[in-house]
Amino acid sequence: MTETLTIPRPDDWHLHLRDGAMLRAVLPESARHFGRAIVMPNLVPPVVTGAEAAAYRERIMAALPDGSGFRPLMTLYLTEETDPRDVEMAARTGLVQAVKLYPAGATTNSQSGVRDFDKVTGVLETMAQIGLPLCVHGEVTDPAVDIFDREAAFIDRVLDPLRRRIPGLKVVMEHITTKVGVDYVAAGGAAIGGTITVHHLVLNRNHLLAGGIRPHYYCLPVVKREEHRLALRKAATSGDPSFFLGTDSAPHTDPAKLQPCGCAGCFTATNALAVLAHVFDEDGALDRLAGFASEHGPAFYGLPVAEETITLEKIPAACPPAIETGDGPVTVFDPGFAPAWRVRP
Ligand code: DOR
Ligand code: ZN
């Protein structure tokens with residue numbers, strides 16, 4: 001008999017949906033399996049104000065397939081000019097679930113992010129008062145710091161001092177990629193959570209760089225050594241409620257990735273749950289998949305766990321190598337193995 005696993009419908013606590021033709025192409029890939037997603041605000045121009053988030057939410061809702069119950073959870077892009085009153089209003093009306101901190105220059109469309117962290121203290125204090133989480137891209141941008149060390153340096157230089165200054169602030173350290181990140185989140189109590197992507201559970205830097213460079217495995221924070229990947233696997237499958245799924249599914253067209261200077265991002269929305277079930281099965285942790293994918297995230301954000309369920313079944317299913325978008329093809333993440341699981345259609 002086919003092995004199956006029924007879990008509350010998962011949520012994606014870190015997702016890039018983009019806009020326009022790209023949004024219309026990628027949104028159904030997430031909406032097919034996920035109930036909700038924290039939607040990243042790094043559009044061009046970025047989603048900075050409550051009004052901009054409301055308009056973006058409308059565009060997402062209009063692009064949803066008929067009958068879809070998927071709900072976007074909106075975020076604001078933190079700038080040095082962000083008005084704390086606008087943030088408070090957007091949070092109090094329920095429009096916005098988090099604010100996103102991009103250190104300026106750290107990643108795709110982060111130019112409008114924060115250079116001087118002192119300049120955002122007022123906003124962060126307001127967020128601490130109202131319980132609105134800060135989602136953090138945790139990498140320093142100092143060119144003197146090696147790209148493989150930027151997460152650890154961020155914790156030391158930026159995140160830890162900031163959390164000591166504003167202890168009431170709820171923080172999500174997003175897409176953690178190192179054992180240092182895992183240990184920091186695990187030791188931080190209820191005020192800090194960490195999201196983990198599917199691709200960081202599967203890839204180490206050899207996959208990216210050994211035997212040829214693989215642009216479709218290039219993302220930020222960049223994949224690290226095997227010991228770090230193993231630490232992420234252990235954290236994700238541990239049952240520790242500090243860790244939850246944030247795919248960071250980040251579509252770029254193939255022409256944009258396959259360049260002398262290609263974009264960062266892995267597009268995983270299509271097969272994220274199949275690959276994740278495979279990983280948890282491999283680690284003998286299927287009983288902890290519901291926690292990681294469906295329960296820990298809502299608990300951190302103070303939202304209910306989904307009442308609906310999905311069923312995973314141990315049946316290998318082919319996944320399209322790419323999806324077509326109005327802007328060009330977007331390659332779907334290839335985990336390097338055929339996932340033994342699929343989401344029951
Ligand atoms: O790989 C990434 N892609 N990391 C990010 O932080 C941003 C994202 C994107 O927007 O493409
Ligand atoms: Zn991201």
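For this chain, numbers begin at 1 and follow the sequence in order. Nothing here was measured: the structure is a model prediction, and the numbers come from that model. Atoms within each ligand, like the ligands themselves, are counted from 1 in listed order.
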Pairs flagged by salt bridge (Lys or Arg N to Asp or Glu O under 4.0 Å) wherever residues 179-196 is involved - sequence neighbours left out: Lys179-Asp183
Lys257 to Tyr218, cation-pi by 6.0 Å centre distance and 45° axis angle: no
The Zn ion (ligand 2): protein N, O or S atoms [distance under 2.8 Å]: His14 NE2, His16 NE2, Asp248 OD1
Modelled atom types, side-chain donor and acceptor of Asp160 and Tyr184, under 3.5 Å: yes
Sub-3.5 Å N/O-N/O distance, Pro221 and ligand 1: no
Closest to atom 5 (C) of ligand 1 among Thr197, Thr108, Thr107, Val222 (heavy-atom distance): Thr107
Ligand 1 atoms in contact with Ala250 (distance to a heavy atom under 4.0 Å): 3 (N), 8 (C), 9 (C), 11 (O)
Closest approach of any protein heavy atom to atom 3 (N) of ligand 1, naming residue and atom: Ala264 O, 3.0 Å
Residue pairs fulfilling side chain to side chain donor-acceptor pair (under 3.5 Å) with at least one residue in residues 261-279, sequence neighbours excluded: Glu29-Thr270, His278-Glu282
Part of Asp248 within contact of ligand 1 (heavy atoms, under 4.0 Å): side chain
Side chain, backbone, both or neither: His137 near ligand 1, heavy atoms under 4.0 Å: side chain
Element-labelled atoms of ligand 1 that are located less than 4.0 Å from some non-hydrogen atom of Cys219: 1 (O)
Spacing of CZ belonging to Arg32 relative to CG belonging to Leu273, to within rounding of 0.5 Å: 11.0 Å
CD/Glu227: more than 12 non-hydrogen atoms of other groups inside 6.0 Å: yes
Distance-minimising heavy-atom pair for Thr195 and Trp13: CG2-CB, 4.0 Å
Partner set under ring-ring contact (aromatic ring centres under 6.0 Å, His included) for Phe154, not counting sequence neighbours: none
Atoms in ligand 1 flagged as close to His252, the criterion being non-hydrogen separation under 4.0 Å: 9 (C), 11 (O)
Proximal ligand 1 atoms for Leu220, defined as those under 4.0 Å from one of its heavy atoms: 1 (O), 2 (C), 4 (N), 5 (C), 6 (O)
Side-chain touch Arg157/Asp142, heavy atoms, less than 4.5 angstrom: yes
Sub-4.0 Å heavy-atom contact, Arg18 with ligand 1: yes
Any side-chain heavy-atom pair of Val222 and Thr177 under 4.5 Å: no
Parallel, tilted or perpendicular: ring planes of His137 versus His175, cut at 30 and 60 degrees: perpendicular
